[in-house]
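In listed order, ligands and their atoms are each counted from 1. Numbers here simply count residues along the sequence, with the first being 1.
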Amino acid sequence: FHEDVKARGVLIVVEGLDRAGKTVQCQLLLDALQQRGHQVKYIKFPDRNSLTGKIINGYLQGQAQQDDHSIHLLFSANRWEAAQRIRSDLSNGITIIVDRYSYSGAVYSAAKENPDLSLEWAWQPEVGLPRPDLLLFLSISSEETAKRGGYGEERYETDAMQSKVRHLFERLLSMNHGHDVHLIDARFPVDQVAKELLNSTLGHLSERKPLETFAKLR
Ligand code: NYM
């Protein structure tokens, strides 16, 4: 007896520093997978269009002040708002490429070095969210991203902050075991990076195991 169950979609997260090239790479990956006939969607966090997204946008653009904890929880709420949709798309066979996720959520807040806001504290509200099948980390130093220029005007887009974020990403990725992390060298030309992302992804496109959720940091 065998049942022909449709494979669920795959949850792919792309992470990295500001200016690492995430958004361009997500677009190229989306195109490449669609050309191969896969059903794929792109989403990004923060989603600035939702109710929480509008508050987050005002904060990032410096129009509003927020307590560090409060804005942190809004970033997390911004993901929880989308969680049910992510689950249902995946179960309908749609693969999702996510541009920034809980990893950015934890490290940018922890990089503020507020003594009451540790990496562990920052991770906690992510516990229970869908855990990606594949995390593609665009690896580049803060010195290299600074050379790319064009840091925007937004909060966090400074050398000092980016370098802390970089170190915290390393710490977080080394702690949060149990899922597939691919480090992709993002210093190379766009096409080359795109090829690596695609190769890392192709091996994961027929996930049959159940979707897991984030656990507490150990
Ligand atoms: N950011 C992003 C956070 O501080 N917490 C989060 O949970 C997420 C998803 O927002 N500098 C920060 C990282 C970025 C900024 O992201 C906006 P983008 O990808 O530039 O729109």
Side-chain angles (χ1 to χ4, degrees), residues 11-30 42-83 85-86 96-114 117-132 135-142 144-146 148-173 176 186 214 217:
L11 186 58
I12 303 167
V13 168
V14 178
E15 279 281 9
L17 298 185
D18 289 270
R19 311 294 299 150
K22 290 181 298 304
T23 303
V24 168
Q25 290 299 336
C26 284
Q27 193 57 53
L28 293 172
L29 186 60
L30 178 76
Y42 165 83
I43 60 175
K44 93 175 290 310
F45 293 110
D47 167 7
R48 301 189 190 220
N49 296 314
S50 77
L51 215 53
T52 57
K54 294 201 166 79
I55 305 175
I56 291 169
N57 186 52
Y59 172 77
L60 286 171
Q61 298 196 341
Q63 293 149 6
Q65 302 300 317
Q66 292 276 347
D67 171 78
D68 292 342
H69 303 81
S70 172
I71 191 67
H72 177 75
L73 294 170
L74 285 170
F75 272 110
S76 183
N78 190 251
R79 283 181 283 282
W80 278 102
E81 285 170 345
R85 190 58 203 269
I86 291 175
I96 309 179
I97 301 172
V98 189
D99 187 342
R100 291 194 192 276
Y101 196 51
S102 305
Y103 312 91
S104 280
V107 300
Y108 280 84
S109 290
K112 292 174 177 173
E113 296 184 336
N114 179 327
L117 208 172
S118 64
L119 191 61
E120 289 73 12
W121 193 96
W123 184 257
Q124 198 56 35
E126 308 304 311
V127 171
L129 281 174
R131 186 170 82 177
L135 169 58
L136 301 168
F137 184 76
L138 293 183
S139 179
I140 191 165
S141 68
S142 48
E144 290 284 338
T145 59
R148 293 185 171 184
Y151 273 150
E153 308 283 288
E154 291 202 330
R155 235 180 258 269
Y156 307 154
E157 297 187 348
T158 65
D159 290 342
M161 183 73 180
Q162 297 293 320
S163 134
K164 285 181 210 159
V165 164
R166 163 86 215 183
H167 289 112
L168 283 161
F169 264 133
E170 276 170 26
R171 222 181 109 204
L172 181 61
L173 296 190
N176 189 43
F214 280 132
L217 282 189

Exercise. Quick check: does R48 get an N/O under 3.5 Å from an N/O on ligand 1?
Worked result: yes
Exercise. So do W123 and S118 actually touch side chain to side chain, heavy atoms under 4.5 Å?
Worked result: no
Exercise. Is it the side chain, the backbone, both or neither of L60 that has a heavy atom closer than 4.0 Å to ligand 1?
Worked result: side chain
Exercise. Short list, please: which atoms of ligand 1 are under 4.0 Å from a heavy atom of Y108?
Worked result: 3 (C), 4 (O), 11 (N), 13 (C)
Problem set entry | Nearest-neighbour protein heavy atom for atom 6 (C) of ligand 1, which is reported as residue plus atom name and distance | F75 CD2, 3.1 Å
Exercise. Which of the atoms of ligand 1 are close to G105, meaning less than 4.0 Å from one of its heavy atoms?
Worked result: 5 (N), 6 (C), 7 (O)
For this session: Answer yes or no: does atom CD of E153 have more than 12 heavy-atom neighbours from other residues, nucleotides or ligands under 6.0 Å?
Result: no
Problem set entry | Y103 and F45 aromatic centres sub-6.0 Å | no
Exercise. Going by the angle between their ring planes, with limits at 30° and 60°, are F169 and Y108 parallel, tilted or perpendicular?
Worked result: perpendicular
Problem set entry | Option set R155, K44, Q162, criterion heavy-atom distance to atom 18 (P) of ligand 1, minimum | K44
Exercise. Quick one: does R79 get an N or O within less than 3.5 Å of an N or O on ligand 1?
Worked result: yes
Exercise. Looking at the rings of F75 and Y59, which for Trp means the six-membered one, are their centres under 6.0 Å apart?
Worked result: no
For this session: Kindly say whether N49 contributes a backbone atom to a donor-acceptor pair with the side chain of K54 at under 3.5 angstrom?
Result: yes
For this session: Using distance alone, determine whether R100 and ligand 1 share an N or O pair under 3.5 Å.
Result: yes
Exercise. If you measure from each non-hydrogen atom of I56 to ligand 1, which part falls under 4.0 Å: side chain, backbone, both or neither?
Worked result: neither
Exercise. Would you call R148 and D18 a salt bridge, taking side-chain N to carboxylate O under 4.0 Å as the test?
Worked result: no
Seminar exercise, completed: F45 heavy atoms within 4.0 Å reach ligand 1 at atoms 9 (C)
For this session: Look at the aromatic rings of W121 and H69 and report parallel, tilted or perpendicular, splitting at 30° and 60°.
Result: perpendicular
Problem set entry | Proximity winner for atom 11 (N) of ligand 1, if only heavy atoms of L17, V107, D18 are counted | D18
